[in-house]
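Each chain gets a letter, A, B and so on, in the order the sequences are listed, and its residues count up from 1.
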Amino acid sequence: MKTLGIHTKYFRFEGREKAMEGAEVLKADHGEMSIDHECIVIFIGVEKGDSESPSSVASQLASDTVKRASALNVETVVIYPYVHLTENPSTPRIALQVMDDLEQRLSQYLSVVRAPFGWYKAFDLSCLGHPLSEWSGRYIPGEEAEEAKAEEKEEGRKPSEFVRFVVVDLEGEDYEVNSEDFSQCPVFKKKQPVYKMLKQFVSNELGRAEDTGKRPKHIEYMQTHELVDYCDASEKGHYKWYPKGLLIQKLILDYAAQLAHEWGAFEMKNPIIIRGDHNVVGELMGEFHERDYQVDGGRGVCYLRYASDPLAFPFMQNTIFTHKQTPLKVYEEATCFRNEQEGEVSGLKRVRNFMMTDMHAACASNEEARKEYEILCLKFAELMNNIIARGRWVLGWEGTVGFFEENKDWLISIGKRMQVPAFFKLMPEMSHYFAIKNEYQAITDDKANVQVSTVQWDVKDGERFNIGYIDENGHKHPCPVIIHASSFGSIERTLCAILENIAIDAKRGIAPMFPLWLSPTQARIITVSDTFIPFAEELCNTISRYNIRVDIDDRDDTVGKKIRNGEKEWIPYLLVVGEKEKDSGNLSVRSREDRRQKEMTVDEFIGMINEKTEGMPFRPLPLPRLVSKHPIFYG
RNA sequence: GCUGGCGUAGCUCAGUGGUAGAGCAGUUGAUUUGUAAUCAACUUGUCGGGGGUUCAAGUCCUCUCGCCAGCUCCA
């Protein structure tokens, strides 16, 4: 629904002729009215999408209008149907429904005048012209008026209204805590460093994040290492990816796909535009905070995909599967757009366009769901340990008190098996679609946490979207549980967590570098002089054949300078070649990890790299193999 | 959105009212180098943008844009 509001000195209108069949019957006054005092006129264009919930848009507009009227000290409001505000009008029936509803709501507080619907009307007004005298509005079904939101809050239905907090240690002992004195909990007196991280996470969740005022390290790294950067041709929160960053992104996606396939999912892909009048929008909008991007191709309002579910659910709904085929497992690389508020977007931690690696399992029973839930939890723990946060992470949980009590032992055992402490936030009732979900939180250098993976237990959407399996008798049953999981919550956040984790290394005197399989250049050949370039190229060919990204620094610099540059680029292995190597055929390998130089044969070197990257995806060099051919992207 | 901070060369930054600078990077030349910076010369500017104060503004005022931090929320 689109609206235009005007604060006017007076307002007169007169119905002239019928514009359509469904026009309202004019009352005795022949649709004429003259208001000779200050009033508010609301021109209203009801849109197709509003049919999802006419009462929702009406309540929002009513609430805004009442506030506006009180601010302007006005007691009369005119409801004026004005279809020309939108290119995508609803049916007259819906529009009338909205007007009726609106009239009813407004008349509780104000004197309301209705202009007739479906007539060509003459009108006359005089806008007062002060800064608050004109305003436009856009309302989407599914949003609640702020009063309704406030009521909800009081009823304790908002996710922030958690009523119980439980900390669980590595042994599986649980401790109830509260926001006042959580720091007294004996768990935090334990020696293992992971409890310090847990405390940091709990205090971020319960209290205030510590204000370090520092720029996160990952932003510096993403630019200076030419991975990702701001894009001045786009808006904030949308980034450009340089070749090296893109390589890393694609390798992570390769890995996520590999993981999903091993799990038994098939990969599919949905569009990024969602029709505004499709029922998923109305059903799910409220759960994603309406931070949508609207797109108008001239055929009615559409939304850029704001989450994976609104398209993944229809996909599963339309898939026919039987009790022999459950759980139905799907995997998707889902590009999502969220029109985050100004000031919320920050580096790679919070962006407006991100790629999720999304997994769903539609399960036929709780038992089936439990099994999948466990498998995914343990799998993601490996990801956190091996790739993203190398032991510097903790587990957060959100769910209902009821689900927690019923499944306490099981939930706690999951964390125990992952060897990670956990923090539960529990609410009395479900506020979203999940009964329980966990969040894998990487702990960063600046005392913050970055949420990456998640596994969620959805008990609502099987039924709501009629996603179900066919039983032995040919009857369809909605799935009682759908597991939602995201291996790499988003690629952007994954990269953020990896970079922040590297920053912690650097601070502790460990050489900062990417995991070998993600290093854009895994090995660089450094020639002692340009006479060895042909030999270097030959060597490069040999090594490259074994799926190793190796380039050659052929620039006219001293060996010392080239080493320095290679180290600054975090290249794991630097191979200096000169007379000695040419004669012996051996390599002089400088390893960044242990800061040592070793002599080994070419085969030994290849074997070592292959062994260290075994099972991980591979892609070739993102830039020309001769370093002299690399352009400068950042500085 | 609100509060605070920052914005000067491709990068990192100095410049507190009086001729726009340094280091790195880049280009050219010399050098042919053995494990974290070879030497020299040269190039590089809408001082984020608009407006104002002033004889004079990178510097002071004002508006605006961008970035960062916090509030809030999430993947």
Side-chain angles (χ1 to χ4, degrees), chain A residues 158-160 205 208-216 219-220 223-224 226 229-232 235-237 287-291 306-309 334-338 340-358 396 398 432 437 439-442 446 448-456 484-494 496-497 511 524 526-533 553 555-569 571 573-581 588-592 595-599 631-635:
Chain A
K158 291 303 281 180
S160 53
E205 292 291 302
R208 292 199 158 192
E210 204 169 309
D211 184 358
T212 55
K214 271 191 281 181
R215 196 171 191 243
I219 296 178
E220 177 192 326
Q223 293 182 309
T224 55
E226 301 191 321
D229 205 351
Y230 304 108
C231 176
D232 55 14
E235 58 169 359
K236 190 179 174 179
E287 286 167 12
F288 287 93
H289 305 274
E290 306 89 36
R291 304 225 164 132
Y306 45 83
S308 114
D309 295 349
T335 297
C336 297
F337 297 84
R338 290 199 194 157
E340 301 292 1
Q341 253 187 317
E342 204 64 46
E344 279 180 327
V345 177
S346 151
L348 292 175
K349 199 171 164 185
R350 186 75 174 270
V351 301
R352 288 194 172 126
N353 171 17
F354 57 93
M355 172 92 78
M356 280 200 279
T357 57
D358 224 82
E398 270 181 32
H432 287 65
K437 71 165 178 178
E439 296 166 347
Y440 294 65
Q441 302 278 357
D446 52 3
N449 48 284
V450 181
Q451 181 183 325
V452 191
S453 317
T454 177
V455 190
Q456 312 185 349
H484 301 235
S486 188
S487 46
F488 296 98
S490 76
I491 298 301
E492 289 74 9
R493 278 202 182 161
T494 296
C496 171
R524 171 164 294 172
I526 289 171
T527 51
V528 167
S529 79
D530 55 14
T531 53
F532 297 101
I533 291 175
D553 193 341
R555 292 173 295 190
D556 182 20
D557 285 321
T558 59
V559 171
K561 178 86 169 262
K562 291 186 196 181
I563 296 279
R564 180 178 156 81
N565 284 332
E567 296 289 0
K568 272 170 66 184
E569 277 186 53
I571 295 170
Y573 297 99
L574 298 175
L575 318 172
V576 178
V577 300
E579 202 64 50
K580 250 193 317 189
E581 287 70 25
S588 157
V589 180
R590 184 187 163 107
S591 156
R592 178 169 174 80
R595 292 166 178 170
R596 289 221 173 148
Q597 257 173 267
K598 258 178 270 178
E599 201 165 309
I632 296 165
F633 297 106
Y634 183 74

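Counting non-hydrogen atoms under 4.0 angstrom, A:Gly347 reaches the backbone sugars and phosphates but no base.
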Distances for protein N/O vs nucleotides 6-8 of chain B N/O pairs under 3.5 angstrom?
none

Write down the protein N/O and nucleotide N/O pairs, taken from nucleotides 24-27 of chain B, whose separation is under 3.5 Å; answer none if there are no such pairs.
| unit_1 | atom_1 | unit_2 | atom_2 | d |
| --- | --- | --- | --- | --- |
| B:A25 | OP1 | A:Lys561 | NZ | 3.0 |

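Aromatic stacking of A:Phe354 on B:A75: satisfied, with centres closer than 5.5 Å and planes within an angle under 30 degrees.
To the nearest angstrom, C1' of B:U33 lies 14 Å from NZ of A:Lys580. Per the geometry, CD belonging to A:Glu220 stands 13 Å off P belonging to B:A69, to the nearest Å. Residue A:Phe532 contributes atom CZ, which lies 9 Å from atom C1' of B:U32 at whole-angstrom precision. As a whole-Å value, the separation of A:Lys562 NZ from B:U33 P is 12 Å.
The side chain of A:Ser346 contributes an N or O atom lying less than 4.0 Å from OP1 or OP2 of B:A69. Look at A:Thr531 and you won't find any side-chain N or O under 4.0 angstrom from OP1 or OP2 of B:U32.
Taking a pair to require two hydrogen-bonding distances under 3.5 Å in either a Watson-Crick or a G-U wobble arrangement, B:U28 pairs with B:A40. Across every strand in view, B:G23 sits in a pair with B:C11 that passes the Watson-Crick or G-U test at under 3.5 angstrom. Nucleotide B:C74 is matched to nothing when pairs are restricted to Watson-Crick or G-U wobble geometry with both distances under 3.5 angstrom. The partner of B:G45 cannot be assigned: no Watson-Crick or G-U wobble pair with both contacts below 3.5 Å exists in any strand. Pairing for B:C55 goes to B:G18, judged as Watson-Crick or G-U wobble with the two contacts each under 3.5 Å.
For A:Lys236, the side-chain atoms get nearest to B:C67 when compared with the rest of B:A75, B:U12, B:C67.
Within 3.5 Å, a donor on the side chain of A:Glu581 pairs with an acceptor on the base of B:G34, or the reverse.
Taking the P atom of each, B:G66 and B:C61 are spaced 22 Å apart, rounded to whole Å.
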